[in-house]
Engineer: 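For reference, the structure I am asking about is given below.
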Amino acid sequence: MPAITLPDGSVRDFAEPVTGTTVAEAIGPGLAKAALAMQLDGAMMDLSRVIDRDAHIRFITRKDDAALELIRHDAAHVLAEAVQDLFPGTQVTIGPAIENGFYYDFARNAPFTPEDFPAIEAKMREIIAKRAKFVREEWDRQDAIAFFEARGEGFKAELIRDLPPSETITVYRQGEWLDLCRGPHMRDTGDIGQAFKLMKVAGAYWRGDHTRPMLSRIYATAWRDQKELDAHLLQLAEAEKRDHRRIGREMDLFHIQEEAVGSVFWHEKGWRLYRTVEAYMRRKLEAGGYGEVKTPQLVDRSLWEASGHWEKFREHMFIATVEDEDKTLALKPMNCPCHVQIFRQGLRSYRELPLRMAEFGSCHRYEPSGALHGIMRVRAFTQDDAHIFCTEEQIAPETVRFVDLLSGIYRDFGFSDFAVKFSDRPATRAGSDQVWDRAEAALKSACATAGVDYVLNPGEGAFYGPKLEFVLRDAIGRDWQCGTLQVDFVLPERLDAEYVTAESGRARPVMLHRAILGSFERFLGILIENYAGRFPLWLAPTQIVVATIVSDADEYAQEVASRLKKAGLAVITDLRNEKINAKIREHSLAHIPLILVVGRKEAEERTVAIRRLGGASQHVMGLDEALAMLVLEATPPDLERDA
RNA sequence: GCUGUCAUAGCUCAGGGGUAGAGCACCUCAUUGGUAAUGAGGAGGUCGAGGGUUCAAUUCCCUCUGACAGCACCA
């Protein structure tokens, strides 16, 4: 009869099979009250499930992170019941727990609107207050299909039909209402609590397939208690304040307008930021052994046909023609075919490999309108692109070298945390299995050498080779995929790139496609959001403002500004007839990192009062001393910082 | 691209079948002040574009364009 091992190692013997509830009660009334579900040998289960064999048990209480998923999943069921109660004829489909909450997809002729939310939420609270017990039932497959068909729940019936034959069909009841569900659930609807909120409605394709019907999805957030819910809502509000589109306007960095959808108008300050990043990258690439090139924007169709883009990528390409010439050209969506053209000029020797060819390549891609997002997802962008032409043996050392370069760059931009995804061979691919074996093995061993831990992303590689994707985490915990390293055996073949081997033979180089920032537009958007516009000094488009207290200090302020400017700092003066309070407030709101205040006293003593953004105090320094300090502080992180 | 929502002054937003309003920003004048808003005055809008209904449309209807959210896409 079951011997049940608790997390502390102690064992309880029971004379006959028992439910989780019984076990909890046997341990103590406190636990019996707190337990929401159990983990039996690691598998989450309802407390009502009978345990008839020896097992390790762990009870899930509200304190466990696992409780969040239970709360959210149960709340999804309650949402579905509420909706079917209020809107008869609505079909239920699926409703999983997701990060921060849950959603439920409904099939209904008229989609839901946020105006429906108050009624639905009220109904949900009603159902929760009833404390309806969750009851698990195992049904016969055919009976279940017939049942849901008879109710007009065609989507549910389809789900059951598609479940693998080995799967037990389970249904959960809560009061009068029931739903097909794998479970597990908590004891009753009351366990959900009140800390949830319906957030938004959205269309979503049935089973994520754009050829199938669009359903009406309701998103909600749910937490253990009101405090957690409030914290989450606050975080959403904070994230909105960081929105690069808002900051871009407020800081006068860029704009986008109707006549050039998906392209950025960089304003002076935004372009200064862009150039700072570009200059930094140029230095890093130079130091990293890359040579920079620049290739054409408009390239004849024939090259795209040869590269395979015309066949595989045409719908994403901008095509251009001219009246007087019978030619079709395309704006390049990628730089690789052009780089191969440079490689192909003249005979290449194995001695030149690895050959690292970098370009700040301006590309155009016709992205679907719904994909566009500020400067993060655009149709005209510049990649920090490079292709490394090398031998197969050089893949591993080049990968190590690349990861080293990339991690240093991310660190300099303030991202200490990044993750790596390893995407291996997809179902449809070019190249033999042996080549794939070699390419994947080379990448893996390179990761090991470089000390890179990766998560496997099975089957997600490019058709021509495996790839690494570098995902960085920003200041508020969001993930952004920026860097990539792709191994390519196909393009050198298609575009006939070759080099002379040590034995005077000819061989195909391997191409490594790689980017660190991804696109400048997107990366700058990430930087803006990561820093919420409060850039470190070396990146700030305007680094310093010299603000006067009285007009008697104007002349001195201009002298200060001019000396700072000569030292290479981005400085402006504020000599307006405004009170110093107003000036400080305005420049603080504009996120200028440093305000140098000068009044009569400073002008007489040749000092400046330095106030840092976010700081409440200021300190007074001699002008020469301040100048030296600021120049040092504004030095980009890759340059010498000698005092 | 799909579904939904939205589009009024530079920005944030109110309004509503009888040709529009606030706050901030902007301009002018007064004020020369010591670390997050000095005061007073002024100017500023084909109400996204096109069509329809109506005596009359910024308001109602249709189409288009764009934005936003999600889905699909991100080769």
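These numbers were taken from a predicted model, which means no experiment stands behind them. We name chains A, B, ... by the order of the sequence lines, and we start the count at 1 in each one. In what follows, every heavy atom counts, from backbone to side chain, and hydrogens, waters and symmetry copies are set aside.
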Engineer: Between B:rC74 atom P and A:Glu460 atom CD, what is the distance in whole Å?
Structural biologist: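 Nearest whole value for this atom pair: 9 Å.
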Engineer: Take the protein atom CD of A:Glu259 and the nucleotide atom P of B:rU65, then report the distance between them rounded to whole Å.
Structural biologist: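 Spelled out: CD on A:Glu259 to P on B:rU65 is 14 Å.
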Engineer: Classify the side-chain pair A:Ser362/A:Lys332 by whether it contains a donor and acceptor separated by less than 3.5 Å.
Structural biologist: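 Side-chain D/A pair, A:Ser362 to A:Lys332: absent.
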Engineer: Indicate, with a heavy-atom threshold strictly under 4.0 Å, whether A:Leu589 touches base, sugar-phosphate, or nothing.
Structural biologist: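 Result for A:Leu589 = base.
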Engineer: Can you tell me the distance, in whole Å, between the OH atom of A:Tyr219 and the C1' atom of B:rU5?
Structural biologist: 16 Å
Engineer: Would a distance-only check, ignoring hydrogens and angles, find a side-chain to backbone donor-acceptor pair under 3.5 Å from A:Gln341 to A:Pro337?
Structural biologist: yes
Engineer: Could you check which of B:rU35, B:rA69, B:rG70 has an atom nearest any side-chain atom of A:Met214?
Structural biologist: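 The listed nucleotide nearest to A:Met214's side chain is B:rG70.
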Engineer: Check this one for me: any side-chain N or O of A:Arg245 less than 4.0 Å away from OP1 or OP2 of B:rC68?
Structural biologist: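 Checking B:rC68 against A:Arg245, a side-chain N or O does come within under 4.0 Å of OP1 or OP2.
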Engineer: Grab the CZ-P distance between A:Arg207 and B:rU3 for me, whole Å please.
Structural biologist: 22 Å
Engineer: If you check the A:Tyr205 side chain, which of B:rA36, B:rG1, B:rU32 turns out closest?
Structural biologist: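 For A:Tyr205, the side-chain atoms sit closest to B:rG1.
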Engineer: Could you state the atom-to-atom distance from CG of A:Leu372 to P of B:rC71 in whole Å?
Structural biologist: 16 Å
Engineer: Should B:rG44 form a Watson-Crick or G-U wobble pair with both distances under 3.5 Å, which nucleotide is its partner?
Structural biologist: none
Engineer: Where the side chain of A:His373 is concerned, which of B:rA69, B:rA36, B:rG34 is the nearest nucleotide?
Structural biologist: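 Looking only at heavy atoms from C-beta outward on A:His373, the closest nucleotide is B:rA69.
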Engineer: Examine A:His244 together with A:His373 and report whether their ring centres are nearer than 6.0 Å.
Structural biologist: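 Centroid separation for A:His244 and A:His373: below 6.0 Å.
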Engineer: Would A:Arg272 pass as a cation-pi partner of A:Trp266, given that its NZ or CZ must be under 6.0 Å from the six-membered ring centre and within 45 degrees of the axis?
Structural biologist: no
Engineer: Which one, B:rA36, B:rG70, B:rG66, comes nearest to the side chain of A:Lys200?
Structural biologist: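 When the side chain of A:Lys200 is considered, B:rG70 is the closest of B:rA36, B:rG70, B:rG66.
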Engineer: Select base, sugar-phosphate, or nothing to describe what A:Arg249 touches, counting heavy atoms under 4.0 Å on all strands.
Structural biologist: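 The answer is sugar-phosphate, as A:Arg249 gets under 4.0 Å only of primed atoms, P, OP1 or OP2.
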Engineer: Looking for any heavy atom pair under 4.0 Å, which part of the strands does A:Glu602 touch: base, sugar-phosphate only, or nothing?
Structural biologist: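 Base, at least one base atom sits under 4.0 Å.
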Engineer: Under a 3.5 Å cut-off for both distances, is B:rU54 Watson-Crick or wobble paired, and to whom?
Structural biologist: none
Engineer: My understanding is that a pair needs two contacts under 3.5 Å, Watson-Crick or G-U wobble. By that rule, which nucleotide pairs with B:rA30?
Structural biologist: B:rU38
Engineer: Describe the nucleic acid contact of A:Glu578 in one word from base, sugar-phosphate, nothing, applying a heavy-atom distance below 4.0 Å.
Structural biologist: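 The answer is base, as A:Glu578 lies within the cut-off (heavy atoms under 4.0 Å) of a base atom.
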Engineer: Assign A:Ile580 to base, sugar-phosphate, or nothing according to its heavy-atom contacts below 4.0 angstrom with the strands shown.
Structural biologist: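 It contacts sugar-phosphate atoms only.
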Engineer: Scan A:Ala609 against the nucleic acid and name what it touches under 4.0 Å (heavy atoms): base, sugar-phosphate only, or nothing.
Structural biologist: base
Engineer: When the distance from CG of A:Asp105 to P of B:rG4 is rounded to whole Å, what number comes out?
Structural biologist: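 About 15 Å, once rounded to whole Å.
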Engineer: Centroid separation under 6.0 Å, is that true for the rings of A:Tyr219 and A:Tyr104?
Structural biologist: no
Engineer: So what does A:Arg611 touch, heavy atoms closer than 4.0 Å: a base, only the sugar-phosphate, or nothing?
Structural biologist: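 If one applies the 4.0 Å heavy-atom cut-off, A:Arg611 turns out to touch a base.
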Engineer: To the side chain of A:Pro368, which of B:rA72, B:rU65, B:rU35 is closest?
Structural biologist: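 For A:Pro368, the side-chain atoms sit closest to B:rA72.
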Engineer: Rounded to the nearest Å, what distance is computed from the CD atom of residue A:Glu605 to the P atom of nucleotide B:rG34?
Structural biologist: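 Whole-Å distance recorded here is 17 Å.
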Engineer: Is the shortest side-chain N/O distance from A:Thr113 to OP1 or OP2 of B:rG4 below 4.0 Å?
Structural biologist: no
Engineer: Could you check which nucleotide pairs with B:rC6 in any of the strands shown, counting Watson-Crick or G-U wobble with both distances under 3.5 Å?
Structural biologist: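 Paired with B:rG66.
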Engineer: Does a nitrogen or oxygen in the side chain of A:Asn581 sit under 4.0 Å from OP1 or OP2 of B:rA36?
Structural biologist: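 Yes, because at least one side-chain N or O of A:Asn581 sits under 4.0 Å from OP1 or OP2 of B:rA36.
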Engineer: Roughly how many Å is it from CZ in A:Phe112 to P in B:rG4, rounded to a whole number?
Structural biologist: 14 Å
Engineer: Using only side-chain N and O atoms of A:Arg600, determine if any of them is under 4.0 Å from OP1 or OP2 of B:rG33.
Structural biologist: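 For B:rG33, OP1/OP2 do have a side-chain N/O of A:Arg600 under 4.0 Å.
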